[in-house]
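What follows is one structure encoded as structure tokens, with my remarks underneath.
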Amino acid sequence: MSAVELRFEETLTPAGGEVDAVLFPESGMVSLLATLEDDGQVEVGIVGREGLIGLPLVLDDDRSLVEAKVQQEGTALRLDAAALRDGMGESAALRALLLRYAMAFNTQVSLTAACNTFHIVEQRLARWLLTAHDRADGDEFPMTHDFLSAMLGVRRPALSVAAGVLQKAGLIRYARGQMEITDRPGLEAASCECYHVARREFARLLGTGGAVRRG
């Protein structure tokens with residue numbers, strides 16, 4: 001594998017593009033974005049150090065329906081498609097682990113869709129912040145209201161109101177494009193069950209590595 005940098009807002013795989021390698025993030029965060037005909041985008045999944053970019057290759061395909069875009073810079077290890085296929089063919093343990101990750105990620109995507117349909121904005125925002133916090137290297141990370149409203153598929157005013165509710169409760173602190181998680185247990189209590197179910201499934205399928213939050 002070769003080391004690569006994940007640069008902020010870099011598109012790793014365009015929607016509908018060919019996937020010629022997998023990337024295993026060591027740090028940083030990548031959003032998977034569904035793009036609609038009017039060029040609107042909404043996030044359907046998040047990948048950090050617990051997972052990989054290029055999941056179609058694990059499932060014997062070479063096309064990605066979604067765009068993979070770096071939202072927090074970091075580093076990753078790159079493995080080309082041929083090497084991945086050889087590795088999965090030679091190692092049943094590797095193949096099983098990658099397929100279990102595919103199942104865990106599918107759970108995250110499914111619950112994101114359900115959450116965006118049935119839960120209020122405050123709960124959805126809490127879920128997203130917890131998921132991002134799990135993959136961040138600290139309690140503070142860059143984040144803007146414009147970005148969050150696009151990721152959650154809500155209008156900026158609704159997002160600002162929801163963020164204000166969480167900040168007034170002392171769960172987060174937001175200023176000048178920086179988001180800080182100030183009360184992790186409180187934020188978990190404010191989230192819906194979608195975050196907790198997804199986290200349990202990652203732990204069940206991937207063992208202790210499913211609990212991606214360090215510390």
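Nearest heavy-atom pair, L65 versus A15, reported as atom, atom and distance to 0.1 Å: O-CB, 3.5 Å. Nearest heavy-atom pair, A76 versus L23, reported as atom, atom and distance to 0.1 Å: CB-CB, 4.3 Å.
By the 6.0 Å contact criterion, CG on L99 is enclosed, its count of non-hydrogen atoms from other residues, nucleotides or ligands being greater than 12. Atom CD of E73 has 12 or fewer heavy atoms from other residues, nucleotides or ligands within 6.0 Å. Residue R155 places its CZ atom among 12 or fewer non-hydrogen atoms of other residues, nucleotides or ligands, all under 6.0 Å distant.
With 3.5 Å as the limit, one finds a donor-acceptor pair spanning the side chains of R156 and S160.
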Q.
Evaluate Y101 against E50 for side-chain contact (heavy atoms from CB on, under 4.5 Å), listing each step before the verdict.
A. CA-CA 9 Å; Y101 171 72; E50 83 295 342; 4.2 Å; yes
Q.
Determine whether R199 and L130 satisfy the following criterion, side-chain contact (heavy atoms from CB on, under 4.5 Å), listing intermediate values before the conclusion.
A. CA-CA 10 Å; R199 186 177 174 90; L130 288 166; over 6 Å; no
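Expressed to the nearest 0.5 Å, how far CG of L12 lies from OG of S64 amounts to 10.5 Å. Expressed to the nearest 0.5 Å, how far CD1 of I46 lies from CZ of F105 amounts to 9.0 Å. Remark: H119 NE2 to C192 SG distance equals 4.5 Å, nearest 0.5 Å. Here M103 contributes atom CE and R204 contributes atom CZ; the two are 7.0 Å apart, rounded to the nearest 0.5 Å. Between T107 atom OG1 and F202 atom CZ the span is 7.5 Å, to the nearest 0.5 Å. Between atom CG of residue D86 and atom CG of residue L94 there is a gap of 11.0 Å, rounded to the nearest 0.5 Å.
There is a path of hydrophobic side-chain contacts, each under 4.5 Å, that joins V70 to F24. Taken together through direct or relayed side-chain contacts under 4.5 Å among Ile, Leu, Val, Met, Phe, Trp and Tyr, L159 and L33 form part of one hydrophobic cluster. Clustering ILVMFWY residues whenever any of their side-chain heavy atoms sit less than 4.5 angstrom apart, transitively, puts M151 in a cluster other than the one holding V47.
Under the 3.5 Å distance criterion, the side-chain polar atoms of T13 are left unmatched by any main-chain donor or acceptor of E67. Checking side-chain atoms of S191 against main-chain N and O of A126 turns up no donor-acceptor pair under 3.5 Å. In this structure a side-chain-to-backbone donor-acceptor pair under 3.5 Å is present from R124 to L152. Within the 3.5 Å criterion, the main-chain N or O of P14 finds no donor-acceptor partner in the side chain of T11. Proximity of a side-chain donor or acceptor of R100 to a complementary backbone N or O of L205 within less than 3.5 Å is detected. At distances below 3.5 Å, at least one donor-acceptor pair connects side-chain atoms of S27 with backbone N or O atoms of T75.
Exactly one of Q167, R173, H133 qualifies for a side-chain hydrogen bond (donor to acceptor under 3.5 Å, both in side chains) with E180. That residue is R173. Each of V58, V22, L55, L57 was evaluated against L98; a single residue qualifies, V58, per the side chain to side chain contact (heavy atoms under 4.5 Å, CB included) test.
Using a 4.5 Å heavy-atom threshold, the side chains of Q108 and E201 count as separate. Side-chain atoms of P142 and Q178, non-hydrogen and from C-beta on, do get closer than 4.5 Å to each other. Considering only heavy atoms from C-beta on, I172 comes within 4.5 Å of I181 through its side chain. Annotation: side chain of V30 is not in contact with side chain of E10 (no heavy-atom distance under 4.5 Å). Residues E193 and L111 form no side-chain contact, since every pair of their non-hydrogen atoms from C-beta on lies 4.5 Å or further apart. Under the 4.5 Å side-chain criterion, counting only non-hydrogen atoms from C-beta, W128 is in contact with M143. Residues V109 and L32 form no side-chain contact, since every pair of their non-hydrogen atoms from C-beta on lies 4.5 Å or further apart.
Under the 30°/60° scheme for interplanar angles, the aromatic rings of H145 and Y174 are found to lie parallel.
A salt bridge links R49 with D137: the closest approach of a Lys/Arg side-chain nitrogen to an acidic carboxylate oxygen falls below 4.0 angstrom.
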